[in-house]
Amino acid sequence: MILIKTIVRNYYKQNVGFYLLIFMLAFGFMKGPDHKHLILSILQAPYMLVYVTIAWIFHILKTNFFFRQNLTDSRNRFLKDLILAKPSFLISELLSAQIAFNQPFLFYAVAMVILGFASNLILPAVFIIIIQIALILIPAVHLYFEIKRTDEPQASIFSLNWLPRLPQHLWFVSYLFRKQPMLILSLKFFSWCTIFGAAQLFPTDDYDFRLLNLGIWILSLGQFVLGQEYYRYFVRNVFFEKNLPISTNKRLSSLLLLSLILSIPEFYLISVNWCPLISIADWLSAYLYFLSLQIFWIIFQFKVTHPDDKTDLRVFSALGLIFFLIMFKVNLALVGVVFLIWAYLIFNSRYQNSESF
């Protein structure tokens with residue numbers, strides 16, 4: 001339980017927003033019969049089962065990278081002493097940790113196996129069992145060797161050392177690719193799935209631009225984890241900036257430029273996939289809303305990490321209200337302006353009171 005109480009718990013604490021979003025999409029918008037139909041479709045189509053397996057592997061890579069990064073964290077250096085324990089104890093710890101890491105898809109995989117046997121789809125069900133066992137054993141073995149080589153420098157395949165000295169506006173982007181590559185790649189993959197999926201669904205029925213706006217609304221919720229990572233980057237790497245004589249407007253301009261850089265893939269995807277479907281005003285409004293929420297989530301962390309204000313339910317209530325505003329065809333750009341003003345008020349009152357950890 002040592003690894004679960006340290007690394008695994010820290011992983012879910014940092015990614016709680018992302019998994020809450022997935023849970024909401026999976027069980028808030030889909031009912032039991034929808035899940036049954038989806039599972040049967042996957043089991044009956046080999047190519048869909050391959051896509052699902054790739055998604056599982058992608059999750060394994062994300063958690064494995066997080067584990068490796070945290071092993072070298074100074075606060076977790078005591079974990080290297082695990083190699084002195086009995087092999088059976090260490091193996092048990094690693095298997096427990098990996099099963100805990102796999103929980104977001106493990107329970108769904110069990111449901112797929114049960115439904116597969118019940119529907120006489122024996123071969124796909126057996127394939128899923130083999131894959132799940134492999135996705136527990138192989139990463140656990142890899143983590144075993146990672147613990148053994150904790151003292152060795154961990155080189156990232158996403159290292160940007162070959163680039164010339166980066167301007168300040170790209171420091172956080174460089175940090176993401178060096179320290180949290182799976183986070184940024186998973187967010188962009190989620191963006192592609194949402195934007196492309198909504199575009200493919202749009203012509204299948206009598207939909208209007210509200211369908212695409214709902215896709216952007218879902219996409220904006222996923223940016224919460226990016227805001228969390230920015231605050232960690234801020235307090236651990238550039239906290240000294242707080243004491244520099246820089247005006248609030250200039251700091252906000254820097255965050256706006258950063259958000260513009262981070263949202264380049266979304267701008268491209270929205271332009272390519274949605275331009276033929278809706279008016280320029282509608283897709284531009286959707287992008288401006290996404291940009292505004294991305295900035296808001298970055299600044300919002302300065303509020304929720306304040307010692308006297310751990311959370312703000314008004315924000316999540318407002319996000320729920322946006323769903324109904326979309327249904328009533330309210331312009332998303334206007335909603336984005338409201339969140340920008342809200343972000344400015346938070347930043348102006350909480351930035352100087354932010355604390356390191």
Please name the pair of heavy atoms, one in Glu229 and one in Leu176, separated by the smallest distance, quoted to 0.1 Å. CG-CD2, 3.8 Å

Test item: Phe117 and Val126 side chains (from C-beta on) under 4.5 Å apart, heavy atoms: yes

Is a side-chain donor-acceptor pair under 3.5 Å present for Asp282 with Ser285? no

Heavy-atom closest pair (Ser259 atom, Leu291 atom, distance to 0.1 Å) is OG-CD1, 3.2 Å

Shortest non-hydrogen pair, Asn237 vs Arg232, comes out as ND2-O, 4.4 Å

Separation of Ile295 CD1 from Leu258 CG (nearest 0.5 Å): 9.0 Å

Using a strict cut-off of less than 4.0 Å between a Lys/Arg side-chain nitrogen and an Asp/Glu carboxylate oxygen, indicate whether Arg251 and Glu241 qualify as a salt bridge. no

Please answer: with hydrophobic residues joined when any side-chain heavy atoms are less than 4.5 Å apart, are Ile128 and Phe107 in the same cluster? no

Looking at His59 versus Phe101, is the centre-to-centre ring distance below 6.0 Å? no

I'd like to know if the side chain of Arg178 pairs up with that of Ser174 as donor and acceptor (distance under 3.5 Å, no hydrogens or angles considered). yes

Kindly work out whether a path of hydrophobic side-chain contacts (I/L/V/M/F/W/Y, heavy atoms less than 4.5 Å apart) joins Ile130 to Val113. yes

Nearest heavy-atom pair of Ile60 and Pro139: which atoms, and what distance? CG2-CG, 3.6 Å

Verify the distance criterion only: is there a donor paired with an acceptor across the side chains of Tyr287 and Ser271 at less than 3.5 Å? no

Where does the angle between the aromatic ring planes of His35 and Tyr108 fall among parallel (under 30°), tilted (30 to 60°) and perpendicular (over 60°)? perpendicular

Phe234 ring center near Phe302 ring center (under 6.0 Å): yes

Under 4.5 Å between side-chain heavy atoms, hopping through other hydrophobics if needed: is there a path connecting Ile129 to Leu123? no

Test of understanding: clusters of I, L, V, M, F, W, Y form through side-chain heavy atoms closer than 4.5 Å, transitively. Do Ile91 and Leu137 belong to the same one? yes

For the residue pair Tyr175 and Tyr233, categorise the inter-ring angle as parallel (less than 30°), tilted (30 to 60°) or perpendicular (more than 60°). tilted

Report the residue from Phe300, Phe296, Trp297 that forms a ring-ring contact (aromatic ring centres under 6.0 Å, His included) with Trp342. Phe296

Taken to the nearest 0.5 Å, the spacing of Leu43 CG from Leu49 CG works out to 7.0 Å

